[in-house]
Amino acid sequence: MSLNRLVTLSRRVTWGSLIPLFGPNGKVVSNVQFRRLFRTQTPSLAFAKDLFLGKVNKAEVFPYPEISREELEEINQFVAPVEKFFSEDVDSQRIDREATIPPETLEGIKQLGLFGIQVPEEYGENAFSMKKVQHTDEQFGCMEYTTHCSPSSSVALHTRQTPGCCFGILIAGNEQQKAKYLPKLASGEHVAAFCLTEPGSGSDAASIQTRATLTEDGKHYLISGSKIWISNGGLADIFTVFARTAVVDKDGQKKDKITAFIVERAFGGVTSGKPEDKLGIRGSNTCEVLFENTKVPVENVIGEVGGGFKAAMNILNSGRFSMGSATAGMIKKLIELTAEYAATRKQFNRSISEFGMIQEKFALMAMNAFVMESMAYLTAGMMDKPGIPDCSVEAAMVKVFSSEGGWICVSEALQVLGGVGYMKSYPFERYLRDCRILLIFEGTNEILRMYIALTGMQHAGKILTGKIKEMKKGNIGVALQMFGKKLRDSISTKVDLGLTGKDGVVHPSLTESTKKLEENVHFFGNTVEGLLYRYGKTIVDEQMALKKVADVLINLYAMTAVLSRASRSISIGLRNHDHEVLLANTFCSDAYYKNNFLMTQLQKNAPENNDDSIKKIAKDVLAKRAYICSHPLDRTF
Amino acid sequence: MNSTRRCFVRFMMSTKALVPGASWPCSNLGPAAQILRTFRVSGTVAKKKSRPVRTGYDEKPERERSLVADDDDDDDPFERAAREAGTKAAFDGLLDVFVRRDVRRRGHVEFIYAALRKMPDFGVEHDIAVYNKLLDVFPKEVFVPRNFIQRMFNHYPRQQECAIQVLEQMENYGLMPNVETKVLLVQIFGEKSHPMRKYQRMMYWFPKFKHANPYPVPLQLPRDPVDLARFSLNRIAHDLDARVAVYQFPSTEVSETGEKVSRPHVVGIQSPEQRRLLAEHNPSRPVFVEGPFPLWLRKTCVHYYVLRADPLPPEEKVEESIDPERSFFYPLELDLDLDRDFGDLDSFDVDEVEEGPVFAMCMAGQADQATLAKWISGLQETNPILGRTPILFRLESGPRELQQATESEPEPSAEEEPLHSQGMKQ
């Protein structure tokens with residue numbers, strides 16, 4: 001692993017350019033810089049994890065990240081031709097209909113340099129910080145959903161997938177591998193694919209069947225097996241393949257472990273199946289890839305032999321951060337289109353935009369887009385901090401929130417459009433189909449919720465174990481301390497985590513919402529402690545509780561993101577900052593009630609909690625594998 | 001057709017015996033009737049044998065009842081009629097004859113008791129229409145109380161008890177009365193009579209219990225032994241993934257020497273989970289074929305065999321540990337030193353006795369080792385491990401009657417003698 005080397009490679013936003021936003025803030029920022037001097041290794045970025053302890057690391061999320069003027073201009077220069085290309089030269093309806101991307105479009109993308117946006121400068125011409133990637137992705141997102149001439153999101157995915165694979169080489173590959181493969185990938189000369197999924201294996205590494213055996217001379221591996229649903233499977237020249245290899249572990253026992261390989265199509269024995277016919281993202285090429293005794297030189301092992309699992313986890317964790325901005329871009333575009341329709345469509349001599357129920361939908365879309373964007377760029381800012389900060393939890397939260405928000409927004413937009421939205425001659429139904437995949441790929445939202453909740457639980461559990469054990473032993477001191485804390489909580493409802501007030505980081509107009517956030521965070525800390533007390537390590541099996549934990553955390557992170565962003569906007573006086581404040585306040589009070597409800601459900605014996613009944617219903621249904629109620633018209637006599 | 005007619009005749013003769021002097025309602029009975037007339041029992045004999053009111057259709061010595069004319073088993077025309085042509089049409093015909101014969105329906109209570117008793121012989125005990133027809137035998141409106149005194153006392157108790165008996169028998173056969181029954185009862189006994197009450201109680205409870213059994217057995221079991229085995233095995237296994245395989249269809253062949261060789265059916269069931277368990281089985285330990293074990297399906301008893309192993313001795317048990325490099329997305333285990341709190345343990349303290357795994361089950365037409373070996377060799381195709389595992393046949397000489405009476409006679413020959421713990425290496 002050359003993580004540290006990568007630090008030096010990756011270009012990043014210099015945090016020196018951060019402007020102290022308002023008075024007391026300067027201190028905070030300088031603190032951050034001071035601390036960073038001593039940390040050459042991974043900095044202690046654990047905002048989401050610390051929320052589990054009822055703490056807000058305000059230094060990590062306030063002020064909202066920025067980029068320098070030059071970088072911004074660079075991005076805008078880059079984006080302008082991309083936008084032009086997508087709006088003029090790409091016929092997404094045709095892509096959707098024919099389920100292929102025409103070669104001239106691919107050529108155009110190649111020339112725009114979209115393939116290599118994550119590849120460091122040394123290896124390719126464009127090297128972007130995560131934030132820039134976000135921004136570009138947003139443009140894709142926006143464009144991929146433009147009404148008349150948008151490519152289906154497949155194009156964006158197509159280009160994104162390649163970085164996804166580059167990522168493997170980028171994160172875990174060694175210097176030679178990078179030098180050999182990255183330039184070609186960056187220039188778009190080669191297309192890459194990421195081969196992990198198998199017919200019997202989604203998220204379970206133990207069921208991977210593809211096998212790599214070392215040849216007798218010890219110089220090559222022979223890979224055999226089949227991988228399904230591989231994006232770009234039919235086009236790719238370079239594959240990142242995960243396969244089982246026999247590894248002798250430290251006890252001297254032979255064990256099967258996963259290893260990652262870079263496989264070129266030119267190695268031979270690689271065949272791709274027929275492209276799959278899909279519901280959405282029909283332009284992207286997804287097919288089965290078969291490996292039959294493909295000879296791969298040992299130099300092409302990514303990382304070390306048997307280290308494929310970690311590599312896969314890293315790639316998967318870092319691959320999903322950009323969805324938020326893409327989805328936000330899509331929603332923005334969608335708002336424009338539907339608002340146009342709502343304003344012109346007349347019923348009963350009134351345009352439908354005057355109706356409350358229609359207005360509600362637009363507010364929802366705007367709010368969702370705003371929150372997604374805020375979360376995505378906050379996370380990107382965290383990732384661009386020096387070191388390799390582990391933002392996988394945050395990234396997962398962005399993915400979950402934006403995919404679900406996106407789905408709801410598209411659905412609501414279709415509702416505004418009524419019958420028009422349902423017709424194939426309009427592009428809207430395609431949006432709906434295309435964005436459904438977001439909830440499924442790059443780790444389904446269910447799996448990501450488990451990841452989010454369990455990572456936090458692990459973090460909090462490590463710290464709280466001693467205390468809980470003392471309490472269980474009946475240590476009077478600890479118990480009294482707890483009792484005192486509870487008593488204090490019940491008497492004074494004011495929670496102050498230092499976000500507002502004298503050393504505050506939030507603009508005064510957002511004080512109310514910030515108080516809500518603080519209260520939620522405090523309550524969340526207590527809830528997590530209660531859960532750990534009750535379930536201990538068996539919390540892993542309490543998926544329904546974990547889902548609620550994850551949902552609360554996502555809401556908390558979203559609240560933080562909008563507060564941070566709105567504070568910045570209002571402080572530097574961005575256009576329409578009052579609208580941002582309005583959105584932020586509305587979202588926060590909405591999320592506040594949702595959080596309170598969820599956390600009440602997580603209390604012991606809460607009457608709001610239906611989990612037991614839900615489990616029972618599911619059990620009954622699954623036992624028969626059918627809906628088991630009698631027909632309402634059935635009779636017994 | 002002919003036999004049905006004969007049965008009519010016989011029943012009519014026996015009913016006629018009840019009412020000496022009553023003339024035949026139909027005269028075109030032909031020569032058969034003439035001959036059969038000799039079976040007639042004289043009225044005096046019948047009278048002598050008839051007994052006063054009886055309640056409880058399950059009372060034992062029904063035979064003396066006047067309706068069933070003969071003492072001699074073989075010569076009982078009713079029984080023979082039932083044996084020869086036990087059909088619904090025949091039974092209906094008998095009722096029609098009785099109803100048509102006399103406006104006053106003399107002796108109808110006895111007639112109904114007798115008919116009730118004989119219903120299973122005609123195979124109509126599950127037919128609601130027949131019960132209604134039987135109730136229809138009661139004269140209408142005669143027993144309806146007309147004043148408060150009648151209403152207060154048990155009006156026509158014999159008739160009411162008889163009607164209750166009809167309902168009772170329906171109840172025992174799990175048959176629900178219908179609207180027609182109700183109309184009949186109202187016509188015969190009035191709104192608040194005892195049979196009506198009985199009807200109401202039945203209508204209250206029956207629907208409630210109709211689906212009480214989550215594993216209902218159909219009234220009509222499959223006739224084909226293979227289908228029956230399929231049904232029974234699915235019922236025992238109760239696993240939606242389990243697949244039934246027919247290893248041998250029943251057939252009869254004539255061998256070269258001219259002997260008839262019948263091949264019994266062999267039907268087995270195995271689920272993927274069982275296959276996995278078997279694949280994990282240590283081949284140095286034997287597996288056992290055990291049986292036959294009985295399975296009752298209403299009135300049918302079938303037998304099945306299991307392939308099982310002894311439970312693993314404690315020293316061979318491997319603690320299942322979760323590979324930390326297993327889930328790509330989230331940890332399957334938390335590295336915490338905290339157990340579930342006592343207050344949240346919702347499992348009961350149950351003393352569990354461990355049993356060995358059952359790998360597969362089968363049903364066969366014959367209970368000998370040769371037949372069951374067919375099953376094992378069939379299983380071996382999907383479970384290659386059986387080829388390396390010693391298989392012990394532990395067959396008990398249990399009840400040998402198999403499947404159904406209709407089945408080819410399972411002759412226990414010398415080689416088919418139960419084999420106790422005979423080892424058979426595949």
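Computed from a prediction, not measured in an experiment: that's the story for all the values here.
With rounding to the nearest 0.5 angstrom, the CG atom of Leu196(A) is 4.5 Å from the CZ atom of Phe328(B). Between the CG atom of Leu332(B) and the CG atom of Leu454(A) there is a distance of 9.0 Å, given to the nearest 0.5 Å.
When the side chain to side chain donor-acceptor pair (under 3.5 Å) test is applied to Lys317(B), the partners found at least two apart in sequence or on another chain are Glu354(B). For Cys362(B), the side chain to side chain contact (heavy atoms under 4.5 Å, CB included) criterion is met by Tyr305(B), Leu372(B), Trp375(B), not counting sequence neighbours. Remark: Glu191(B) engages no residue in a salt bridge (charged side-chain N to carboxylate O under 4.0 Å, His left out) (not counting sequence neighbours).
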Between chain B and chain A, identify every pair of one donor and one acceptor N or O atom lying under 3.5 Å apart.
{"from": "Lys210(B)", "atom 1": "NZ", "to": "Thr636(A)", "atom 2": "O", "distance (Å)": "3.3"}
{"from": "Asp241(B)", "atom 1": "OD1", "to": "Arg625(A)", "atom 2": "NH1", "distance (Å)": "3.0"}
{"from": "Asp241(B)", "atom 1": "OD1", "to": "Arg625(A)", "atom 2": "NH2", "distance (Å)": "3.3"}
{"from": "Asp241(B)", "atom 1": "OD2", "to": "Arg625(A)", "atom 2": "NH2", "distance (Å)": "3.2"}
{"from": "Arg326(B)", "atom 1": "O", "to": "Ala205(A)", "atom 2": "N", "distance (Å)": "2.5"}
{"from": "Arg326(B)", "atom 1": "NE", "to": "Asp204(A)", "atom 2": "OD1", "distance (Å)": "2.6"}
{"from": "Arg326(B)", "atom 1": "NE", "to": "Asp204(A)", "atom 2": "OD2", "distance (Å)": "3.4"}
{"from": "Arg326(B)", "atom 1": "NH2", "to": "Asp204(A)", "atom 2": "OD1", "distance (Å)": "3.4"}
{"from": "Arg326(B)", "atom 1": "NH2", "to": "Asp204(A)", "atom 2": "OD2", "distance (Å)": "2.6"}
{"from": "Phe328(B)", "atom 1": "N", "to": "Ser203(A)", "atom 2": "O", "distance (Å)": "3.1"}
{"from": "Asp335(B)", "atom 1": "N", "to": "Gln458(A)", "atom 2": "OE1", "distance (Å)": "2.7"}
{"from": "Asp335(B)", "atom 1": "O", "to": "Gln458(A)", "atom 2": "NE2", "distance (Å)": "3.1"}
{"from": "Asp337(B)", "atom 1": "O", "to": "Lys469(A)", "atom 2": "NZ", "distance (Å)": "3.3"}
{"from": "Asp337(B)", "atom 1": "OD2", "to": "Lys469(A)", "atom 2": "NZ", "distance (Å)": "2.5"}
{"from": "Leu338(B)", "atom 1": "O", "to": "Lys537(A)", "atom 2": "N", "distance (Å)": "2.7"}
{"from": "Asp339(B)", "atom 1": "O", "to": "Lys472(A)", "atom 2": "NZ", "distance (Å)": "3.4"}
{"from": "Arg340(B)", "atom 1": "NH1", "to": "Thr538(A)", "atom 2": "OG1", "distance (Å)": "3.1"}
{"from": "Arg340(B)", "atom 1": "NH1", "to": "Glu542(A)", "atom 2": "OE2", "distance (Å)": "3.2"}
{"from": "Arg340(B)", "atom 1": "NH2", "to": "Glu542(A)", "atom 2": "OE2", "distance (Å)": "2.9"}
{"from": "Asp341(B)", "atom 1": "N", "to": "Arg534(A)", "atom 2": "O", "distance (Å)": "2.6"}
{"from": "Gly343(B)", "atom 1": "O", "to": "Lys604(A)", "atom 2": "NZ", "distance (Å)": "3.4"}
{"from": "Asp344(B)", "atom 1": "OD1", "to": "Arg534(A)", "atom 2": "NE", "distance (Å)": "3.2"}
{"from": "Asp344(B)", "atom 1": "OD1", "to": "Arg534(A)", "atom 2": "NH2", "distance (Å)": "3.1"}
{"from": "Asp344(B)", "atom 1": "OD2", "to": "Arg534(A)", "atom 2": "NE", "distance (Å)": "3.2"}

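Residue contact with chain B, scored on non-hydrogen atoms closer than 4.5 Å, involves the backbone of Ala623(A) exclusively.
In Lys140(B), the NZ atom is crowded: over 12 heavy atoms of neighbouring residues, nucleotides or ligands sit closer than 6.0 Å. At most 12 non-hydrogen atoms from other residues, nucleotides or ligands lie less than 6.0 angstrom from CD of Glu352(B).
No side-chain heavy atom of Leu338(B) sits less than 4.5 Å from a side-chain heavy atom of Ile539(A).
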